[in-house]
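Every chain is numbered from 1, with letters handed out A, B, ... down the list of sequences. Just so it is clear, the structure is predicted and the values come from calculations on it, not from any experiment.
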Amino acid sequence: MASNISGKDTIRLIERLTKGPFLYLCSMSGGPPPTIAEIYAKPPVNQVIQISGWVRTRRTTRAISFVELQDGSTLKSLQIVMSHQQIPRERIECELHTGAAITVQGLLRATPDRPQPFEIEAQAFSLHGAVDPETYPLQKKAHSLEFLREITHLRPRTRTFQAIFRIRSGVSFAIHQYLQSQGFVYVHTPILTPSDCEGAGQLFQVTTLPLAAVPKHPDGRVAYEKDFFGQPAYLTVSGQLEGELLAMGLTRIYTFGPTFRAEPSHTPRHLAEFWMIEPEMAFYDLTLTMDLAEDFLRYLIRYALEHFPEELTFLTERYEPRLIDELQTASSQPFMRLSYTEAIEILKKSGRAFQFPTEWGSDLQAEHERYLVEEYASGRPIIVYNYPQAIKAFYMRQNEDGKTVASFDVLFPRIGEVIGGSQREERYDRLLRRMEELGMPLLPYQAYLDTRRYGTAPHSGFGLGLERLLLFLTGMTNVRDVIPFFRAAGQMG
RNA sequence: GCCCGCUUAGCUCAGCGGUUAGAGCAUCUGGCUGUUAACCAGAGGGUCGCAGGUUCGAAUCCUGCAGCGGGCGCCA
């Protein structure tokens with residue numbers, strides 16, 4: 001057991017086994033052991049090292065066993081060579097099954113004439129956690145994504161999910177990097193909110209009231225004054241309204257956090273808990289905002305291409321043959337821009353028999369978006385802007401034509417909408433009139449309206465769905481496969 | 001929420017009214033002087049999702065339920 005090996009013991013063991021000077025790289029007490037990615041980045045050739053990880057495969061011949069070790073730091077694995085003279089074959093066959101966690105001590109030797117650049121000649125290994133091969137669900141061969149969704153706790157052991165989660169991490173970092181470099185302030189908007197401030201979807205209610213015996217008034221209303229906050233509380237469906245308040249003081253802000261919608265959407269593109277990035281900028285009009293959204297997305301795609309070439313090659317070969325081509329197209333060519341009115345004209349002239357109407361005023365359906373992106377634009381991303389007011393949210397800025405609002409959607413091939421955004425209505429009278437037209441209660445929006453009463457300014461923003469973007473970046477087709485643990489209607493994976 | 005499809009060994013699947021339900025991989029046993037998802041030989045492993053029904057006979061046809069997947073709507 002590794003926990004029984006002290007640092008001194010390890011040094012003594014290795015000294016005894018190697019009878020010579022060596023570089024003492026790590027022990028449990030002397031710093032973290034190197035990851036396989038670090039070994040590949042700077043191979044300590046001809047040095048004795050310790051390396052830890054999980055067994056991916058083992059091949060045994062008469063005199064030697066080969067163990068492929070992986071640790072999720074890279075797609076690559078490290079081959080460990082175990083001579084049966086050095087380590088008894090029985091022990092290897094008993095302890096080293098796919099999935100077992102081990103630490104190996106051995107000499108890193110260059111192997112220029114073999115498929116892998118180097119390997120480790122093991123002198124000793126310790127087993128941290130054994131695996132019962134009869135019950136361990138994962139094998140060295142590929143599994144279906146559907147099967148892996150049933151074992152989300154073990155998915156991180158597979159190279160596919162290691163690649164996806166590394167890309168998710170890198171892209172999250174790049175999101176901060178890009179926005180920070182553009183002068184944006186990262187703000188934390190609340191997850192618990194008093195009401196549905198956007199109408200973006202069904203809310204999850206949060207309460208400490210006992211569900212078996214909810215306190216009520218004589219007239220049957222729930223006695224919310226006895227609830228935790230003294231009023232109803234919900235999980236946020238969007239940080240936008242708070243984001244607007246903050247942008248009206250900090251000029252450029254963004255949120256990046258989880259969002260919750262209790263919409264029973266049974267599709268591969270919806271989650272009940274998903275991550276959204278919501279930039280909000282004072283003194284930005286619609287055009288500046290579309291420019292920002294396009295530059296931002298192209299930066300993130302380029303970032304993925306530059307930082308995760310091996311992962312993207314793996315995902316392209318394994319899951320989506322068009323992946324790298326699509327990423328290169330989207331990052332190298334400008335997005336196509338169409339007004340909603342132009343888009344409708346194009347659909348009408350297409351000669352296609354669409355299932356849904358293509359009249360001005362009707363919303364663009366999935367089939368319309370797919371035609372526009374995949375056929376009309378030949379796979380280039382498209383920005384559609386200036387949608388009819390009637391099909392968009394109350395806060396979007398009214399255009400001078402009296403029919404449309406300054407809104408936009410970014411549509412990607414294969415996945416559809418990744419961004420929805422707009423210039424916000426900053427004119428108090430216009431906003432108030434629109435809210436009254438829609439019969440909205442004004443009381444919960446006093447803070448929001450205050451920003452229009454005091455020093456109002458033109459401002460804009462958008463929401464980027466992280467999981468949707470990751471579908472595009474990884475070639476996955478189901479958002480459940482780009483988040484470690486998914487929450488969707490009827491499912492907690 | 002509506003519509004469609006799938007569910008057979010640990011995994012991926014074939015079988016679609018007619019003997020005792022199959023294959024590859026995995027597992028186990030044995031073999032192999034360096035393997036690359038190693039290879040060779042042998043073995044074990046199944047109430048064919050669950051509950052009913054039709055039939056001389058059901059994995060196969062029908063009904064219901066469940067789980068999963070896909071399409072649509074809503075959206076990110």
For this session: Report which part of the nucleic acid Leu469(A) touches: base, sugar-phosphate, or nothing (heavy-atom distance under 4.0 Å, all strands).
Result: nothing
Exercise. Is it true that atom CZ of Arg109(A) has more than 12 heavy atoms of other residues, nucleotides or ligands lying nearer than 6.0 Å?
Worked result: no
Problem set entry | d(CZ, Arg168(A); C1', A76(B)) in whole Å | 13 Å
Got a list of protein N/O to nucleotides 70-73 of chain B N/O distances below 3.5 Å?
from: G70(B); atom 1: OP1; to: Asn478(A); atom 2: ND2; distance (Å): 3.3
from: G70(B); atom 1: OP2; to: Asn478(A); atom 2: ND2; distance (Å): 3.3
from: C72(B); atom 1: OP1; to: Arg370(A); atom 2: NH2; distance (Å): 2.3
from: C72(B); atom 1: N4; to: His266(A); atom 2: O; distance (Å): 3.2
from: G73(B); atom 1: OP1; to: Gln365(A); atom 2: OE1; distance (Å): 2.6
from: G73(B); atom 1: OP1; to: Ala366(A); atom 2: N; distance (Å): 3.3

Exercise. Does any nucleotide pair with G44(B) by Watson-Crick or G-U wobble geometry, both distances under 3.5 Å, and what is it?
Worked result: none
Problem set entry | Distance between P atoms of U12(B) and G17(B) (Å, rounded) | 26 Å
For this session: Using whole Å, report how far CD of Glu317(A) lies from P of A37(B).
Result: 13 Å
For this session: Determine the contact category for Ser65(A): base if any of its heavy atoms lies under 4.0 Å from a base atom, sugar-phosphate if only primed atoms, P, OP1 or OP2 are that close, otherwise nothing.
Result: nothing
For this session: Name the nucleic acid region contacted by Arg89(A), choosing base, sugar-phosphate or nothing; use a 4.0 angstrom heavy-atom cut-off, strictly under.
Result: base
Exercise. Mind checking the C1' distance from C2(B) to U60(B)? Whole angstroms is fine.
Worked result: 30 Å
Problem set entry | Mate of G1(B) where both pairing distances stay under 3.5 Å, Watson-Crick or G-U | C72(B)
Problem set entry | Whole angstrom value for the distance that separates P of C13(B) from NE2 of His143(A) | 12 Å
Exercise. Taking Arg480(A) as the fixed residue, which of Gln491(A), Glu146(A), His270(A), Glu467(A) is the one that meets the side-chain hydrogen bond (donor to acceptor under 3.5 Å, both in side chains) rule?
Worked result: Gln491(A)
Problem set entry | Test log, rule salt bridge (Lys or Arg N to Asp or Glu O under 4.0 Å), inputs Arg166(A) and Glu311(A) | CA-CA 9 Å; Arg166(A) 279 198 304 272; Glu311(A) 284 80 359; 2.9 Å; yes
Exercise. Is any side-chain N of the basic residue among Glu326(A) and Arg414(A) closer than 4.0 Å to the acidic one's carboxylate O?
Worked result: yes
For this session: Apply the salt bridge (Lys or Arg N to Asp or Glu O under 4.0 Å) test between Lys76(A) and each candidate in Glu310(A), Glu119(A), Glu38(A); give the one that qualifies.
Result: Glu310(A)
Exercise. Distance between the C1' atoms of G24(B) and C39(B), in whole angstroms?
Worked result: 15 Å
For this session: Identify the nucleotide, in any strand shown, that forms a Watson-Crick or G-U wobble pair with U12(B), with both distances under 3.5 Å; if there is none, say none.
Result: A23(B)
Seminar exercise, completed: Exactly one of Ile120(A), Ile102(A), Val55(A) clears side-chain contact (heavy atoms from CB on, under 4.5 Å) with Ile80(A), and that residue is Ile120(A)
For this session: Please check if atom CD in Gln85(A) has more than 12 non-hydrogen atoms from other residues, nucleotides or ligands closer than 6.0 Å.
Result: no
Problem set entry | Thr61(A) vs C32(B): side-chain N/O to OP1/OP2 distance below 4.0 Å | no
Exercise. How far does the P atom of G49(B) sit from the matching atom of A9(B), given to the nearest Å?
Worked result: 8 Å
For this session: Could you tell me whether the side chain of Glu119(A) has a donor or acceptor atom within less than 3.5 Å of a complementary atom in the base of G34(B)?
Result: yes
For this session: Could you check how far CD of Glu134(A) sits from C1' of A26(B), rounded to whole Å?
Result: 9 Å
For this session: Could you give the distance separating A58(B) and U19(B) at their P atoms, to the nearest angstrom?
Result: 12 Å
Exercise. When you measure from the centre of the six-membered ring of Tyr284(A), is the NZ or CZ of Arg252(A) under 6.0 Å away and within 45° of the axis?
Worked result: no
For this session: Please say which of Arg159(A), Lys140(A), Arg59(A) ends up in a salt bridge (Lys or Arg N to Asp or Glu O under 4.0 Å) with Glu68(A).
Result: Arg59(A)
For this session: Can you figure out which of U35(B), C75(B), C25(B) approaches the side chain of Arg114(A) most closely?
Result: U35(B)
For this session: Grab the CD1-P distance between Ile277(A) and C75(B) for me, whole Å please.
Result: 20 Å
Exercise. Going by heavy atoms in the side chains, are His176(A) and Tyr254(A) under 4.5 Å from each other?
Worked result: yes
For this session: Quickly work out the Phe147(A) CZ to A26(B) P distance and round it to whole Å.
Result: 15 Å
For this session: Determine whether more than 12 heavy atoms belonging to other residues, nucleotides or ligands lie under 6.0 Å from atom CZ of Phe173(A).
Result: no
Exercise. What about Gln116(A): does its side chain form a donor-acceptor pair under 3.5 Å with the base of U35(B)?
Worked result: yes
For this session: Could you tell me the separation between the NE2 atom of His84(A) and the P atom of G34(B), rounded to a whole number of Å?
Result: 11 Å
For this session: For RNA chain B, find the residues of residues 66-81 of chain A with a heavy-atom distance under 4.0 Å and give them by number; none if there aren't any.
Result: Phe66(A), Gln79(A)
For this session: Pick the P atom in C3(B) and in A59(B), then give their distance to the nearest Å.
Result: 30 Å
Exercise. What does Glu467(A) touch in the nucleic acid at a heavy-atom separation under 4.0 angstrom: a base, only the sugar-phosphate, or nothing?
Worked result: nothing
Problem set entry | Separation between the P atoms of G1(B) and C65(B), rounded to whole Å | 13 Å
Seminar exercise, completed: Checking N1-N3 plus N6-O4 or O6-N4 for Watson-Crick, or N1-O2 and O6-N3 for wobble, each under 3.5 Å, the partner of A51(B) is U63(B)
Seminar exercise, completed: Paired to C39(B) by Watson-Crick or G-U wobble criteria (both distances under 3.5 Å) is G31(B)
Exercise. For Phe274(A), which contact category applies under a 4.0 Å heavy-atom criterion: base, sugar-phosphate, or nothing?
Worked result: base
Seminar exercise, completed: Tyr387(A) OH to C75(B) P, in whole Å, measures 11 Å
Problem set entry | Gln491(A) side-chain N/O to C68(B) phosphate OP1/OP2 under 4.0 Å | yes
Exercise. Mind checking the P distance from A37(B) to C11(B)? Whole angstroms is fine.
Worked result: 24 Å
For this session: Using the six-membered ring wherever Trp is involved, compare the ring planes of Trp360(A) and Tyr340(A) and label them parallel, tilted or perpendicular (cut-offs 30° and 60°).
Result: perpendicular
Problem set entry | Residue whose closest nucleotide on RNA chain B lies nearer the 5' end, Arg62(A) versus Val479(A) | Arg62(A)
